[in-house]
Structures are given as structure tokens and as C-alpha cells.
Amino acid sequence: GSLVMCYAALSGAAEKLPITELRIGEHKVLAETAATEASRALGLMHRKQRLADNQGVLFVFTASGFHSMWMQNTYIPLSVAFIDDLGIILNVADMTPLTTNAHTAAGFARYALEMNQGWFAARGIRAGSKVEGLAAAPAPK
């Protein structure tokens with residue numbers, strides 16, 4: 001019972017993540033921002049609905065590093081961009097739903113941005129592209 005209540009509390013909290021408005025070239029992204037341990041751990045787990053076209057989830061890490069993402073309990077096909085302190089995309093990885101293989105930053109990442117799979121590629125956004133607006137994201141806890 002307590003596990004269910006804990007999950008209900010987490011999923012309730014996940015719906016109220018702050019939104020950070022980002023810009024990559026001419027593309028605007030409204031990113032739910034996961035800046036706490038609990039929200040980073042939950043990410044997009046258990047959601048069945050695809051994200052809206054320019055909607056994503058921004059993960060803000062407490063320190064830069066070779067962070068990894070995986071798709072355990074995640075049903076939506078996603079692409080993740082790992083981003084350094086300066087807002088430069090280090091690499092983009094496509095992730096398959098319900099898998100546990102790790103996708104790791106190609107360098108010291110401070111952020112990760114998850115979007116619908118293929119979103120970055122369809123817009124020509126790749127390693128070296130600049131993400132603006134990251135300074136407005138909540139500080140990580």
C-alpha cells in the first residue's frame with residue numbers, strides 16, 4: 001500500500017514540474033523541468049501519451065558529468081540531447097521504450113533534454129547546436 005501511495009504522490013508531483021522555455025535555433029521548446037532527485041528519477045516513466053510537438057523534459061543535474069539515461073518503465077519513444085554547462089549539445093541518442101540500455105553523454109553534461117524520438121533530427125539539431133534559456137531553469141537539488 002505505501003508503495004502505491006508513494007507513486008501517487010510522485011506522479012502528482014510530476015504533473016506540476018516547472019516549465020522552462022528553451023530555444024534551439026528558431027525552435028521553441030516548453031520543457032517540464034526535473035531539477036530534484038525524485039523528479040529526475042521519475043522522468044517520463046509510466047506516461048503513455050506522446051509529448052506535444054515542442055514539449056519535452058529538461059533534466060538539470062547537480063554536477064556536470066557523464067550522465068546516462070535509460071527507458072525503464074518509459075513507453076514513449078524518445079530522443080535525448082546531452083548538453084554541457086555552456087548550452088552546447090554534446091550528443092543526441094534515440095532511445096527505445098521499455099529498455100534498460102544506458103545512453104551516455106559524450107562529455108561533461110549538465111543537462112539532458114528528452115523530446116519525442118526524431119525531434120532533433122527532423123530539425124537538423126545535432127552535436128554543436130546551442131540551447132538557449134537554460135539559465136532560467138530551477139537550480140538542481
Side-chain angles (χ1 to χ4, degrees), residues 2-141:
S2 63
L3 187 65
V4 172
M5 285 174 49
C6 177
Y7 171 70
L10 267 177
S11 63
E15 288 160 24
K16 294 176 185 64
L17 291 177
I19 302 292
T20 303
E21 190 174 311
L22 303 174
R23 186 164 287 285
I24 310 171
E26 77 254 19
H27 305 286
K28 189 168 89 169
V29 174
L30 295 176
E32 294 178 37
T33 306
T36 65
E37 197 67 47
S39 63
R40 283 192 300 270
L42 188 63
L44 282 164
M45 280 184 185
H46 309 291
R47 285 203 213 179
K48 299 287 199 322
Q49 186 131 10
R50 274 175 69 84
L51 297 166
D53 192 42
N54 288 323
Q55 181 188 11
V57 176
L58 177 68
F59 294 80
V60 184
F61 301 111
T62 53
S64 296
F66 289 95
H67 295 286
S68 294
M69 308 298 273
W70 67 349
M71 295 288 282
Q72 182 172 340
N73 299 323
T74 306
Y75 296 87
I76 312 166
L78 298 171
S79 295
V80 60
F82 291 99
I83 306 163
D84 73 9
D85 278 318
L86 302 175
I88 305 298
I89 294 177
L90 299 164
N91 59 308
V92 176
D94 289 338
M95 303 189 295
T96 304
L98 303 175
T99 56
T100 55
N101 41 325
H103 303 275
T104 304
F108 284 110
R110 183 58 184 254
Y111 309 92
L113 177 62
E114 290 182 341
M115 302 292 289
N116 284 321
Q117 193 169 92
W119 188 91
F120 298 102
R123 289 157 182 81
I125 297 168
R126 56 182 67 90
S129 296
K130 175 111 169 81
V131 180
E132 311 208 39
L134 292 165
K141 298 182 179 76

Can you tell me if T20 uses its side chain to pair, donor with acceptor, with the backbone of P18 under 3.5 Å?
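Pair absent, no side-chain N/O of T20 close to backbone of P18.
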Can you tell if the side chain of [X] reaches within under 4.5 Å of the side chain of [Y], non-hydrogen atoms only?
X: D53; Y: W119; value: yes
X: L30; Y: N54; value: no
X: K130; Y: I88; value: yes

Considering non-hydrogen atoms only, spot the tightest contact between [X] and [Y] and give its length.
X: I76; Y: M71; value: O-CE, 3.1 Å
X: L90; Y: A106; value: O-CB, 4.2 Å
X: T36; Y: S39; value: OG1-OG, 2.8 Å
X: P140; Y: V60; value: CB-O, 3.6 Å
X: R40; Y: A35; value: NH1-O, 2.9 Å

E37 atom CD, neighbour heavy-atom count above 12 within 6.0 Å
no
Does a sphere of radius 6.0 Å around CZ in R23 hold more than 12 heavy atoms from other residues, nucleotides or ligands, not counting ones at 6.0 Å or beyond?
yes
Evaluate E26 against R123 for side-chain contact (heavy atoms from CB on, under 4.5 Å), listing each step before the verdict.
CA-CA 10 Å; E26 77 254 19; R123 289 157 182 81; over 6 Å; no
Y111 vs F61, side-chain contact (heavy atoms from CB on, under 4.5 Å): CA-CA, chis, key distance, verdict:
CA-CA 6 Å; Y111 309 92; F61 301 111; 5.6 Å; no
